[in-house]
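Here's the structure we're looking at; comments come further down.
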Amino acid sequence: MEEKKRSWGSSEMLLKKLGIPFIAVMAALLIGAGVIKFIGVDPWLAYKSLFMGSLSNTNAIAETLVKTTPLIFTALSFAFAARCGLVNLGAEGQLYIGAIFSTAVAIYLTGLPMVIHLPLAITAGFIGGGLWGLLAGWLKVRFGASEVITTIMLSYIATHFLSFLVTGPMIEPPGSFPQTPQAQLSAILPKIIPGTRLHAGFLIALLTIVFYYYFLWKTTTGYETRVVGLNPTAAEYAGINPTKNALLAMFIAGGFAGLAGTCEILGIQLRMFQNFSPGYGFDGIAVALLGGGAPIGILIAGILFGILRSGANMMQMLARVPIAIIYIIQAFVIIFVISSGYFEEAYNKRKLEKIARQGGTKDGISNSDR
Amino acid sequence: MEFLTAIAKFIAADLRTATPLILAGMGLVFSSRAGIVNIGVEGMMLVGALSGVAGSWWFGSAWYGALFAMFMAGLIALIFAYLAVTVKANQIVIGAAINILGLGLTTTFARTLFGLNTAPPDVDSFEIIAIPILSKIPVIGPALFQQNALVYLALILVPIASFIMFKTDIGLKVRAVGEHPKACDTVGINVYLVRYVTIFISGLFSGLAGAYVSLGLLSFFTENMIAGRGFMALAAVVFGKYSPKGVLFAGIIFGAAEAIQFRLQAAGTAIPFQFLLMLPYALTIFALAGFVGKSRAPAATAKPYHKD
């Protein structure tokens with residue numbers, strides 16, 4: 001767990017903070033280029049169509065931000081739990097439960113004006129995801145059940161529960177398709193660029209980033225959360241209640257993921273059906289890591305992964321490169337980011353030894369975490 | 001008699017579903033006991049599934065396919081091992097990366113190998129072998145002794161793995177490394193080596209489990225065909241309290257849940273089958289929480305070992 005503390009908690013230089021993710025992305029793109037070359041396509045053409053497809057016009061950019069939105073939420077979910085020293089692998093399930101709550105409010109509450117209905121549906125999504133996260137938190141603090149496993153298990157339970165709902169109780173009459181009725185107009189997120197699919201969910205994502213920053217760095221409870229994450233023993237000595245913080249962290253983390261489901265339903269799909277999330281939950285981990293758990297970092301990383309996802313279709317069409325290539329790139333981004341600490345340390349150690357040989361002191365080296 | 005035939009069919013279906021969980025789970029017992037959390041087994045199984053079909057296609061035999069699957073998943077496991085043991089990165093994150101990598105590699109190369117719109121190639125797969133005499137026993141015969149070779153192999157490997165883990169020096173070393181790596185290092189056990197080897201073993205088993213799915217249950221590869229079986233194997237290990245026999249038991253229970261829901265769906269009953277599909281995951285949570293006998297992970301789980 002030491003790596004996590006190093007890169008998530010310490011105040012390293014800005015250049016270094018940007019440098020490692022940049023190198024990681026470039027190296028991963030390079031490996032991706034190698035694979036593209038290997039399957040017999042010109043990598044230049046592939047990447048050109050990828051970036052054209054995601055950035056070349058208003059519609060493409062809007063589509064990129066549509067893909068970015070859920071990634072920001074699930075990344076914030078993973079990052080928030082991580083700040084409290086918890087591992088939330090259940091964003092996918094929390095996303096689904098959030099979607100279920102939002103959809104229920106959006107379908108079954110009628111006659112409300114939008115100013116009430118829409119906020120209600122969004123809040124319901126946050127609470128739904130939050131409760132699903134809280135369940136894992138409760139299992140941990142009450143029974144010592146590792147949240148690493150329980151969050152994965154709860155994800156599958158949520159997936160099957162959603163499948164039950166859309167084929168049973170919530171199915172659209174007369175019941176020919178496994179999907180819910182459409183959300184009422186008063187609960188649908190408005191479009192923010194007319195003629196595109198970009199909806200107000202993106203703005204909610206930006207606000208959530210601001211909340212993430214404000215809560216963790218500007219409130220006492222947020223400060224406590226971070227202390228528990230950095231050093232649980234010290235936190236307890238300082239009179240911080242780790243149980244309360246763990247429960248709160250899992251609730252908020254789950255809530256963030258729930259909002260991903262909410263915005264996907266109320267902004268894009270407008271109704272709920274099985275497997276509507278193409279793995280946003282696990283993608284959020286990559287985004288959170290690449291962003292170093294920092295608010296702006298998560299935004300930038302989210303947009304980058306949004307670019308990959310939205311440009312991949314064009315790449316498949318124009319260059320005949322399978323969309324799946326972006327998974328390979330994503331995987332290597334994660335691998336390079338998590339390895340960076342090790343290589344940095346090896347580099348510092350060598351530098352340290354060199355200084356020691358020259359009879360210098362250790363003071364110039366910032367390797368204070370060990 | 002009709003009822004007995006149904007029972008036999010049910011047990012046979014249960015075993016078929018349980019086999020990939022038992023195979024992958026047995027490998028995971030080794031790495032978990034050495035203190036490694038390997039959530040990347042899903043990705044390793046996917047690599048195994050594709051490599052199995054590719055190997056069977058190239059070399060013309062399902063057995064070579066299975067070997068090739070083990071080899072390729074083993075390679076992926078070595079990447080995991082390097083990152084977890086040498087680089088000392090967060091094992092959970094490595095696992096997540098390996099899963100994404102497995103999905104990306106297999107989907108990309110499946111399209112390149114077999115094409116997008118053409119019919120899947122006809123490859124040699126694991127045929128059902130009826131064991132002479134035994135398969136003729138009423139009920140038990142059709143239930144247990146008319147399976148493919150990998151099902152038998154999985155069942156034979158359980159007591160062997162159990163023996164190695166709990167009755168030999170090697171098993172003792174593995175378990176000790178998972179509980180107290182520092183002490184192991186002091187008495188001269190190579191912690192890094194034990195962890196590398198056990199992760200590699202879990203890779204081999206994942207590969208075999210993947211090949212079972214693509215060459216035993218089916219005889220072709222489809223995108224993301226493991227569909228959560230890796231995570232379910234992980235659940236089987238936790239529910240089975242980190243022992244091969246426990247994994248066998250868990251695999252059979254989980255398999256039964258799946259076999260029952262399949263029957264329910266086929267019979268068109270009003271009982272929602274999704275709740276049966278949730279059962280393995282719910283049971284695992286109960287086991288973790290201690291409702292059905294506490295499942296406890298080794299003490300050094302997920303902690304990278306720093307040799308001073």
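Both backbone and side-chain heavy atoms feed into the values below; hydrogens, waters and symmetry mates do not. In what follows, every chain begins at residue 1, and chains take the letters A, B, ... in the order their sequences are listed. Please read these numbers as outputs of a predicted model, since none were measured by experiment.
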Quiz item: Are any non-hydrogen side-chain atoms of I338(A) and N90(B) less than 4.5 angstrom apart?
Solution: no

Quiz item: Does any heavy atom of chain B fall under 4.5 Å from the side chain of I334(A), the backbone, both, or neither of them?
Solution: side chain

Quiz item: Who in residues 146-153 of chain A is close to chain B, using a strict under-4.5 Å heavy-atom cut-off?
Solution: S146(A), V148(A), I149(A), T150(A), I152(A), M153(A)

Quiz item: Non-hydrogen atoms of chain B under 4.5 Å away: do they reach the side chain of F343(A), the backbone, both or neither?
Solution: side chain

Quiz item: Just one of N99(B), T107(B), L105(B), L103(B) clears the side chain to side chain contact (heavy atoms under 4.5 Å, CB included) bar with Y327(A), so which one?
Solution: L103(B)

Practice problem: Indicate yes or no: at least one non-hydrogen side-chain atom of L139(A) is less than 4.5 angstrom from one of L288(B). | Solution: no

Quiz item: More than 12 heavy atoms of other residues, nucleotides or ligands under 6.0 Å from OH of Y47(A): is that the case?
Solution: yes

Quiz item: Side chain, backbone, both or neither: which part of T108(B) has an atom under 4.5 Å from a heavy atom of chain A?
Solution: both

Quiz prompt | Test item: R111(B) and Q316(A) side chains (from C-beta on) under 4.5 Å apart, heavy atoms | solution = yes

Quiz item: Is it the backbone or the side chain of V238(B) that comes under 4.5 Å from a heavy atom of chain A, or both, or neither?
Solution: side chain

Self-check item: Residues in residues 78-86 of chain B that sit under 4.5 Å from chain A, counting heavy atoms only
Solution: Y82(B), L83(B), T86(B)

Self-check item: Closest non-hydrogen atom pair, A97(B) against A331(A)
Solution: O-CB, 3.5 Å

Exercise. Go through the atoms of L234(B) and report whether side chain, backbone, both or neither lie under 4.5 Å from a heavy atom of chain A.
Key: side chain

Exercise. Quick one: which of F282(A), F143(A), F332(A) has the most heavy-atom pairs under 4.5 Å with chain B, could you say?
Key: F143(A)

Quiz prompt | Atom group of V337(A) that falls short of 4.5 Å from chain B, counting heavy atoms | solution = neither

Quiz item: What part of L279(B) lies closer than 4.5 angstrom to a heavy atom of chain A: side chain, backbone, both or neither?
Solution: neither

Practice problem: To the nearest 0.5 Å, tell me how far H160(A) NE2 sits from F273(B) CZ. | Solution: 9.0 Å

Self-check item: Atom CZ of F38(A) with >12 non-hydrogen neighbours under 6.0 angstrom
Solution: no

Quiz item: Are a donor atom and an acceptor atom from the side chains of Q274(B) and T167(A) found within less than 3.5 Å of each other?
Solution: yes

Quiz item: Which region of I326(A), side chain (C-beta onward) or backbone (N, CA, C, O), has a non-hydrogen atom less than 4.5 Å from a non-hydrogen atom of chain B, or is it both or neither?
Solution: neither

Quiz prompt | Region of I325(A) that comes under 4.5 Å of a non-hydrogen atom in chain B | solution = both

Practice problem: Output the distance between atom CZ (F231(B)) and atom OH (Y156(A)), rounded to the nearest 0.5 Å. | Solution: 5.0 Å

Quiz item: Got a second to check how far I100(B)'s CD1 is from I285(A)'s CD1, nearest 0.5 Å?
Solution: 7.0 Å

Practice problem: Please check if atom CZ in F249(B) has more than 12 non-hydrogen atoms from other residues, nucleotides or ligands closer than 6.0 Å. | Solution: no

